[in-house]
Amino acid sequence: MKKEQNTTEQKQEQPKPSTRAENSEQIQIPLAELIKNRYEKVRKLQAKGINPYPYRYERDYHIRDVLDNFDEFEAQQTRMKLAGRVMLKRKMGKVFFADIHDSTGRIQVYVKINNVGEEQFELFNDIDLGDIIGCEGTVFVTRMGERTLNVTHFELLTKALHPLPDKHAGLQDVETRYRRRYADLIVNPDVRATFVMRTKIIQAVREFLNDQDFLEVETPILQPIYGGGNAEPFKTHHSRLDMPMYLRIADELYLKRLIIGGYEKVWEFCKDFRNEGMDRLHNPEFSMVELYWAYADYRDMAALTEELWRYVVSQVHDSYKVPYGEHEIDFEPRFRWVSMVDSIKEITNLDFLSMSYDEAKAAAKNLGVDTDELINWGKCVEAVWEAKVEPTLIQPTFITDFPKEISPLAKQHRSNDRLTERFELFIAGMEMGNAFSELNDPVDQLQRFLQQGKALEAGDTEAQPLDDDFITALSYGMPPTAGLGFGVDRMVMLLTNQHSIRDVLFFPQMKEMKEGSIPVSSILAQLISNNGDI
RNA sequence: GGGGGUGUAGCUCAGUGGUAGAGCACCUGCCUUUUAAGCAGGGUGUCGAUGGUUCGAUCCCAUCCACCCUCACCA
């Protein structure tokens, strides 16, 4: 524990005051020039008494509505007000064409000097790509066949100072897309669609569990003691109480307390935090769903898991066949249910269940598996399984009955004392869920905590500390219970055909950018301090 | 953490041991149903950062930073 504090204690750094803006040297970059051009337009408008950032706009249709009912609107010459961001602008003599986008779609607007008058026409000349405007008029179809709003009056609703990315190539640079998600969302409709899917998926999970009478609950994110999994936590500090606190790594121990308290079906949509490496499947902050179901075992949970997936897929896709990379995942047939040792036997013809530790180790070695750290039978089985079976699991498959040595949180299997009642669900090669017949013997649980405590002292930063109150809770008696946890981000990845967790998180964790682009704040600070000059 | 790759204009990308280019965007002018509008003109840049080699580095070398891929660990 002490050792861990030394390595993970976070420095109580004050937020750095924003001095870059004030101290900036003479800025001579094209971006500054572009921003200056736009800022000058702001000042020009203000000089005319026009607020470039007004308060509201009485819009009466979304663009989608207009396009869906276009013929009627055109026939009746319905007056309408639309609003959106200017994404394209073309000037042709005394006429402008522009494309505006709102959250529902895109429409072309037509600004003709005879229709809007000279003053408005001049104002539109100063409209830049990225500005947000409101337009009033009636619709018509141009010679080229494009459905268009014939503008009679428009208003600037928000002046954009920063230029948009390229109108055709869009924003490709992944780093910029993650760091400035707003810019990504403005120009990449597919990205917006992916995140709408994310919301729908989460809603579908919630609907399903609520329909099954699972009670959605909330448990602490900020915890005096963490547990429920093996992971290094984020550590923080409560000033008034002067005590260390942790961000949760799992919900398990709190949800089980609620089962002890008498709720029979509980679940939580949980943000968890793990102080570990980051890669395409891992963000330090991530979303899980955990559920606990009293009087049920892991087979009941598997049946429920399968129903849940099928429900979610049906809510967000037209078909049970879902593309993922080069594969097509079919959720319609019953998911395969195969024990870990049987899945190995299918591929290698070797029955590990009948082997001793020494035999298993030798067999693993024969299969080309590195056996140096395989300290028991269970580790051998796991290593062989990971090497030979896991990569083959594309269609939904429950891998079940894990060896006891690698499943410290699961109940021993009722019919084989080398195994546990546990399954993991695999889809498209990713682990999509982990479930047990939960351990509810307080003495057994205490022994496992004590073992973990030794590992902690030995320097294992991912071991979990003894939670005395949880043992107390278990001593009141927890009914037989099945528990399931699954990563929501991965579920979203699978159902949106995304291959990095960063593409399903609006704001993935990024390292601090120490060098590189000059912040807009510096450019603006210089502009306002120099009265508009650079 | 190991290995590989990338970093040049607001965006998308070329390129070179003699301080740099294209398209889009931007600026100026022309054009009243255009549409990747067009036509004429304009390059607006600490070439990721810091050192080194060199007469001279954006380019070669070293270190560092960020991002991507991959392996190991984890949801």
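It should be emphasised that the depicted structure is a prediction, and the values quoted were computed from it without experimental measurement. Each chain gets a letter, A, B and so on, in the order its sequence line appears, and its residues count up from 1. What you see below is based on every heavy atom in this structure, not just the backbone, and it leaves out hydrogens, waters and symmetry mates.
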Asker: Evaluate the ring planes of A:F121 and A:F96, with Trp represented by its six-membered ring, and classify them as parallel (under 30°), tilted (30 to 60°) or perpendicular (over 60°).
Answerer: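 It falls in the tilted class, 30° to 60°.
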
Asker: Figure out the CD/P separation between A:E175 and B:A66, and round it to whole Å.
Answerer: 9 Å

Asker: Pick base, sugar-phosphate or nothing for A:M510, based on heavy-atom distances below 4.0 Å to the nucleic acid.
Answerer: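 Counting heavy atoms under 4.0 Å across all strands, the contact made by A:M510 is with sugar-phosphate only.
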
Asker: When rounded to the nearest Å, what value does the distance between C1' atoms of B:A66 and B:G29 take?
Answerer: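 Approximately 43 Å lies between the C1' atom of B:A66 and that of B:G29.
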
Asker: Would you tell me whether A:S343 and A:R336 have side-chain atoms, one donor and one acceptor, within less than 3.5 Å of each other?
Answerer: no

Asker: Hey, which sits more toward the 5' end of RNA chain B by its nearest nucleotide, A:V95 or A:L88?
Answerer: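 Result of the comparison: A:V95.
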
Asker: Provide, to the nearest angstrom, the distance between the CD atom belonging to A:E118 and the P atom belonging to B:U32.
Answerer: 14 Å

Asker: Quick one: list whatever passes ring pair (Phe, Tyr, Trp, His ring centres under 6.0 Å) with A:F470, sequence neighbours left out.
Answerer: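 Not a single residue meets the ring pair (Phe, Tyr, Trp, His ring centres under 6.0 Å) criterion with A:F470.
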
Asker: Mind checking A:R502 for me? I need base, sugar-phosphate or nothing, with any heavy atom below 4.0 Å counting as a touch.
Answerer: sugar-phosphate

Asker: Given B:U35, B:C27, B:C67, which nucleotide is nearest the side-chain atoms of A:M144?
Answerer: B:U35

Asker: Taking only residues two or more places apart in sequence or in another chain, which ones pass side-chain hydrogen bond (donor to acceptor under 3.5 Å, both in side chains) with A:S500?
Answerer: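 Applying side-chain hydrogen bond (donor to acceptor under 3.5 Å, both in side chains) to A:S500 gives none.
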
Asker: Atom NZ of A:K94 and atom P of B:U33: how far apart are they, to the nearest Å?
Answerer: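 My rounded result for the distance is 13 Å.
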
Asker: Indicate the atoms forming the closest heavy-atom contact of A:V322 with A:L494, along with that distance.
Answerer: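 That would be CG1-O, 4.0 Å.
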
Asker: Please tabulate the protein-to-nucleotide N/O contacts below 3.5 Å involving nucleotides 19-22 of chain B, giving atom names and distances.
Answerer:
none

Asker: Residues two or more places apart in sequence or in another chain: which of them pass side-chain contact (heavy atoms from CB on, under 4.5 Å) with A:K271?
Answerer: A:F273, A:E285, A:S287

Asker: When you compare B:C67 with B:C31, how far apart are their C1' atoms, in angstrom units rounded to a whole number?
Answerer: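 These two C1' atoms come out 45 Å apart once rounded.
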
Asker: Find the distance between CG (A:L484) and CE (A:M301) and round it off to the nearest 0.5 Å.
Answerer: 5.0 Å

Asker: OP1, OP2 of B:A66 versus side-chain N and O of A:K511: anything below 4.0 Å?
Answerer: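 Checking B:A66 against A:K511, a side-chain N or O does come within under 4.0 Å of OP1 or OP2.
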
Asker: Is A:R422 close enough and on-axis enough to A:F402, meaning under 6.0 Å and within 45°, for cation-pi?
Answerer: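 Ring-cation test returns yes.
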
Asker: Listing time: all N or O pairs from protein to nucleotides 69-75 of chain B that are below 3.5 Å?
Answerer:
residue, atom, partner, partner atom, Å
B:C73, N4, A:D279, OD2, 3.4
B:C74, O2', A:E276, OE1, 2.8
B:C74, O2, A:H282, ND1, 2.5
B:C74, O2, A:H282, NE2, 2.5
B:C74, N3, A:H282, NE2, 2.0
B:A75, O3', A:E431, OE1, 2.9
B:A75, O3', A:R490, NH1, 3.0
B:A75, O2', A:R490, NE, 3.1
B:A75, O2', A:R490, NH1, 2.4
B:A75, O2', A:R490, NH2, 3.2
B:A75, N6, A:N283, O, 3.0
B:A75, N1, A:N283, N, 3.4
B:A75, N1, A:N283, O, 3.1

Asker: Quantified in whole Å, what is the P atom distance between nucleotide B:C59 and nucleotide B:G17?
Answerer: 11 Å

Asker: Expressed in angstrom and rounded to an integer, what is the separation of A:K89 atom NZ from B:G38 atom P?
Answerer: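 It is 16 Å, rounded to the nearest whole Å.
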
Asker: Please list all pairs meeting side chain to side chain donor-acceptor pair (under 3.5 Å) that have one or both residues in residues 140-152 of chain A, counting only residues at least two apart or in different chains.
Answerer: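 Residue pairs with at least one partner in residues 140-152 of chain A: A:R79-A:T152, A:R106-A:E146, A:Q108-A:T148, A:N115-A:N150.
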
Asker: Can you check the A:R177 CZ to B:C68 P distance for me, whole Å?
Answerer: 11 Å

Asker: Using the ring pair (Phe, Tyr, Trp, His ring centres under 6.0 Å) criterion, which residues pair with A:F331? Sequence neighbours excluded.
Answerer: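 If we apply the ring pair (Phe, Tyr, Trp, His ring centres under 6.0 Å) test to A:F331, skipping adjacent residues, the hits are A:W309.
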
Asker: What is the nucleic acid contact for A:K41, judged by heavy atoms within less than 4.0 Å: base, sugar-phosphate only, or nothing?
Answerer: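 Contact class for A:K41: sugar-phosphate only.
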
Asker: Out of B:A66, B:C27, B:U35, which nucleotide sits closest to the side chain of A:E146?
Answerer: B:U35

Asker: Students often get this wrong, so: under 4.0 angstrom with heavy atoms, is A:F140 touching a base, only sugar-phosphate, or nothing?
Answerer: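 It contacts base atoms.
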
Asker: B:U33 base to A:T148 side chain: any donor-acceptor pair below 3.5 Å?
Answerer: no

Asker: Please list, chain by chain and in numerical order, all residues satisfying ring pair (Phe, Tyr, Trp, His ring centres under 6.0 Å) with A:F154, sequence neighbours excluded.
Answerer: A:F124

Asker: If you check the A:K167 side chain, which of B:A25, B:U35, B:C67 turns out closest?
Answerer: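 My answer, after comparing the listed nucleotides, is B:A25.
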
Asker: Just wondering, more than 12 heavy atoms not from A:Q77 lying within 6.0 Å of its CD?
Answerer: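 Yes, because the 6.0 Å sphere around CD of A:Q77 holds more than 12 heavy atoms from other groups.
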
Asker: Expressed in whole Å, how much space separates the C1' atoms belonging to B:A9 and B:A20?
Answerer: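 To the nearest whole Å, 11 Å.
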
Asker: Rounded to whole angstrom, note down the P distance from B:G21 over to B:U44.
Answerer: 10 Å

Asker: Would you classify A:G433 as touching base, sugar-phosphate or nothing, given that sugar-phosphate means primed atoms plus P, OP1 and OP2, and contacts are heavy atoms under 4.0 Å?
Answerer: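 No contact.
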
Asker: Testing A:F398, A:F486, A:W385 for ring-ring contact (aromatic ring centres under 6.0 Å, His included) with A:F426, which one passes?
Answerer: A:W385

Asker: Report the distance from atom CD of A:E33 to atom C1' of B:G42, rounded to the nearest whole Å.
Answerer: 12 Å

Asker: Write down the distance separating the P atoms in B:A57 and B:U53, rounded off to the nearest Å.
Answerer: 11 Å

Asker: Can you list the stems that include RNA chain B, where a stem is three or more consecutive Watson-Crick or G-U pairs with distances under 3.5 Å?
Answerer: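 The stems that RNA chain B takes part in, listed by first number, are B:1-7 with B:65-71, B:10-13 with B:21-24, B:26-30 with B:38-42, B:48-52 with B:60-64.
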
Asker: Check ring pair (Phe, Tyr, Trp, His ring centres under 6.0 Å) between A:F449 and all other residues, then give those that pass, not counting sequence neighbours.
Answerer: none

Asker: Nearest whole Å is fine: how far is B:C68 P from A:R179 CZ?
Answerer: 9 Å

Asker: Measuring from the side chain of A:N37 (C-beta onward, heavy atoms only), which nucleotide among B:C26, B:A36, B:U32 has the closest atom?
Answerer: B:C26

Asker: Quick test: give all pairs of protein nitrogen or oxygen and nucleotides 3-10 of chain B nitrogen or oxygen below 3.5 Å, distance rounded to 0.1 Å.
Answerer:
residue, atom, partner, partner atom, Å
B:G10, OP1, A:L31, N, 3.1

Asker: My understanding is that only residues two or more places apart in sequence, or in another chain, count here; which of them pass side-chain contact (heavy atoms from CB on, under 4.5 Å) with A:P189?
Answerer: A:R192

Asker: Once you apply a heavy-atom cut-off of 4.0 Å, does A:I113 come out as touching a base, just sugar-phosphate, or nothing?
Answerer: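 Contact class for A:I113: base.
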
Asker: Say we look at B:U8 and B:G15: how far apart would their P atoms be, to the nearest angstrom?
Answerer: 14 Å

Asker: Looking just at side-chain N and O atoms, do A:Y226 and A:D467 make a donor-acceptor pair shorter than 3.5 Å?
Answerer: no

Asker: If you assign A:K91 and A:Y110 each to the RNA chain B nucleotide with the nearest heavy atom, which residue ends up on the more 5' nucleotide?
Answerer: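 Result of the comparison: A:Y110.
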
Asker: Atom CZ in A:R85, atom OG1 in A:T158: separation rounded to 0.5 Å?
Answerer: 8.0 Å

Asker: Roughly how far apart, to the nearest Å, are B:G3 and B:G18 at atom P?
Answerer: 32 Å

